[in-house]
J.: 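First the structure, which I've put down as structure tokens, then a few questions once you've had a look.
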Amino acid sequence: MSKGSTGRDLATGVGRALGTALLMLAILTVVWVVSVALVDNTFVAKGPAEVYEFLFADDDAAKTRAEIATALGVTLGDAAIGFVAGMLAATVMAALIVLFRPVETAVMPVALILRAVPLIALTPIIRLLFSDELVRVAVVSGIVVLFPALVNIVQGLRSVSTQMSDVVHVYGGGPFALLVKVAFPSALPALFASIRISVPGAITGALLAEWLITGRGIGSMVVNAVGRSENNLVWTGMLVVTLASLALYLLAQIAESFVLARYGR
């Protein structure tokens with residue numbers, strides 16, 4: 001594929017990502033404003049104007065922004081740990097499933113159980129099983145990422161055409177060569193779809209881990225603010241983490257456009 005064609009594909013992907021961002025922001029704003037209007041309780045429900053004043057106009061606004069930024073940094077770090085752990089586990093499991101069919105029988109039921117049981121019920125067990133806080137966060141956040149990524153990647157790896165498989169076998173390649181040279185490049189769209197799905201999922205898992213395990217980050221801040229009826233902080237915290245999820249989702253979409261354009265997909 002020519003560089004000009006690759007550049008056009010990348011520009012199209014970036015434009016699509018920005019269009020998605022604007023659309024999602026518009027939907028988020030409308031849903032937010034309508035929800036606040038329907039609740040009709042100014043003490044509990046805080047609209048965009050109240051949150052803006054809380055963040056930028058109040059006397060303690062600078063201190064509030066610093067505290068939220070610090071907590072968000074912690075949450076993003078926890079989410080990154082879970083994202084890497086979940087995606088790595090999903091990729092390795094998917095490769096093993098494709099290479100060795102019996103592995104699917106052993107792995108998929110466990111993945112389904114982890115997906116079916118509410119994570120809030122598993123968290124106390126995870127806390128008992130693992131003593132290291134970093135491992136606890138990785139497990140809790142990684143579980144959210146694991147199942148959807150595993151299913152998508154397995155389907156992507158199995159999308160290799162019969163013709164491509166025959167070519168590898170004719171040249172003496174075995175299952176591992178087929179996996180590395182053909183299956184993984186063919187699975188790139190499925191892999192990036194998994195990444196886009198997993199980014200907000202990892203943040204959700206991190207928030208839960210912060211609430212039930214670590215006692216820090218946005219998750220802990222929001223729960224503590226609810227207990228103190230600091231509703232401005234509650235709404236601001238959720239807005240910040242929502243915008244962070246959206247930004248990371250769009251970064252993943254742009255990265256997908258770049259990589260797929262390079263591979264001519």
J.: In terms of side-chain geometry, is the basic nitrogen of Lys46 or Glu53 positioned less than 4.0 Å from the acidic oxygen of its partner?
T.: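 Salt bridge: no.
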J.: Using a strict 4.0 Å threshold on nitrogen-to-oxygen distance, state whether Arg158 and Glu104 make a salt bridge.
T.: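 Yes, charged N to carboxylate O under 4.0 Å.
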J.: Show the atom names and distances, to 0.1 Å, of all donor-acceptor pairs under 3.5 Å that link a side chain in residues 230-237 to residues at least two apart or in another chain.
T.:
from: Glu230; atom 1: OE1; to: Arg228; atom 2: NH2; distance (Å): 3.2
from: Glu230; atom 1: OE2; to: Arg228; atom 2: NE; distance (Å): 3.1
from: Asn231; atom 1: ND2; to: Phe43; atom 2: O; distance (Å): 2.8
from: Trp235; atom 1: NE1; to: Val44; atom 2: O; distance (Å): 2.8
from: Thr236; atom 1: OG1; to: Asn232; atom 2: O; distance (Å): 2.7

J.: Quick one: does any side-chain atom of Arg16 pair with a main-chain N or O of Ile254 as donor and acceptor, under 3.5 Å?
T.: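 Side chain of Arg16 to backbone of Ile254: no pair is present.
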J.: Check the hydrophobic clustering (I, L, V, M, F, W, Y; side-chain heavy atoms under 4.5 Å; chains of links allowed) and say if Leu146 and Ile126 are grouped together.
T.: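 Result: yes, single cluster for both.
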J.: In sequence, state the C-alpha distance, the side-chain angles, and the governing distance for Leu208 and Leu119, and then conclude on side chain to side chain contact (heavy atoms under 4.5 Å, CB included).
T.: CA-CA 8 Å; Leu208 184 60; Leu119 192 54; 3.5 Å; yes
J.: Does Val84 form a side chain to side chain contact (heavy atoms under 4.5 Å, CB included) with Val145? I'd like the steps, not just the answer.
T.: CA-CA 9 Å; Val84 171; Val145 173; over 6 Å; no
J.: Tell me yes or no: between the side chains of Glu210 and Thr75, is some donor less than 3.5 Å from an acceptor?
T.: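 Yes, Thr75 and Glu210 have a side-chain donor paired with an acceptor closer than 3.5 Å.
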J.: Is it true that Thr162 and Asp166 share a donor-acceptor pair across their side chains at a distance under 3.5 Å?
T.: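 The answer is no; no qualifying pair exists.
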J.: Is it the case that one hydrophobic cluster holds both Ile203 and Ile195, taking links as side-chain heavy atoms less than 4.5 Å apart, direct or via other members?
T.: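 Yes; tracing contacts between hydrophobic side chains, which count when under 4.5 Å, links both residues.
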J.: With sequence neighbours left out, write down each residue that passes ring-ring contact (aromatic ring centres under 6.0 Å, His included) with Phe100, or none if nothing qualifies.
T.: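 Not a single residue meets the ring-ring contact (aromatic ring centres under 6.0 Å, His included) criterion with Phe100.
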J.: Look at the side-chain heavy atoms of Ile, Leu, Val, Met, Phe, Trp and Tyr, link any pair under 4.5 Å apart, and say whether Val92 and Val110 land in one connected group.
T.: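 Same cluster.
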J.: Take Val182 and Ser165 through the test side chain to side chain contact (heavy atoms under 4.5 Å, CB included) and record every step on the way to the result.
T.: CA-CA 8 Å; Val182 179; Ser165 178; over 6 Å; no
J.: Would you say Ile68 ends up clustered with Leu207 if hydrophobic residues are merged whenever their side chains have heavy atoms under 4.5 Å apart, either directly or through other cluster members?
T.: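 Yes, it is one cluster - the side chains of Leu207 and Ile68 are joined through contacts under 4.5 Å.
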J.: Are Val241 and Val137 linked, directly or through other ILVMFWY residues, by side chains that come within less than 4.5 angstrom of each other?
T.: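 No, Val241 does not connect to Val137 through the hydrophobic network.
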J.: How far does CG of Leu250 sit from OG1 of Thr20, to the nearest 0.5 angstrom?
T.: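 Going from the CG atom of Leu250 to the OG1 atom of Thr20 covers 6.5 Å.
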J.: Tell me, yes or no, whether the heavy-atom count around Trp32 atom CH2, taken from other residues, nucleotides or ligands under 6.0 Å, exceeds 12.
T.: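 Yes, the 6.0 Å shell around CH2 holds more than 12 heavy atoms from other groups.
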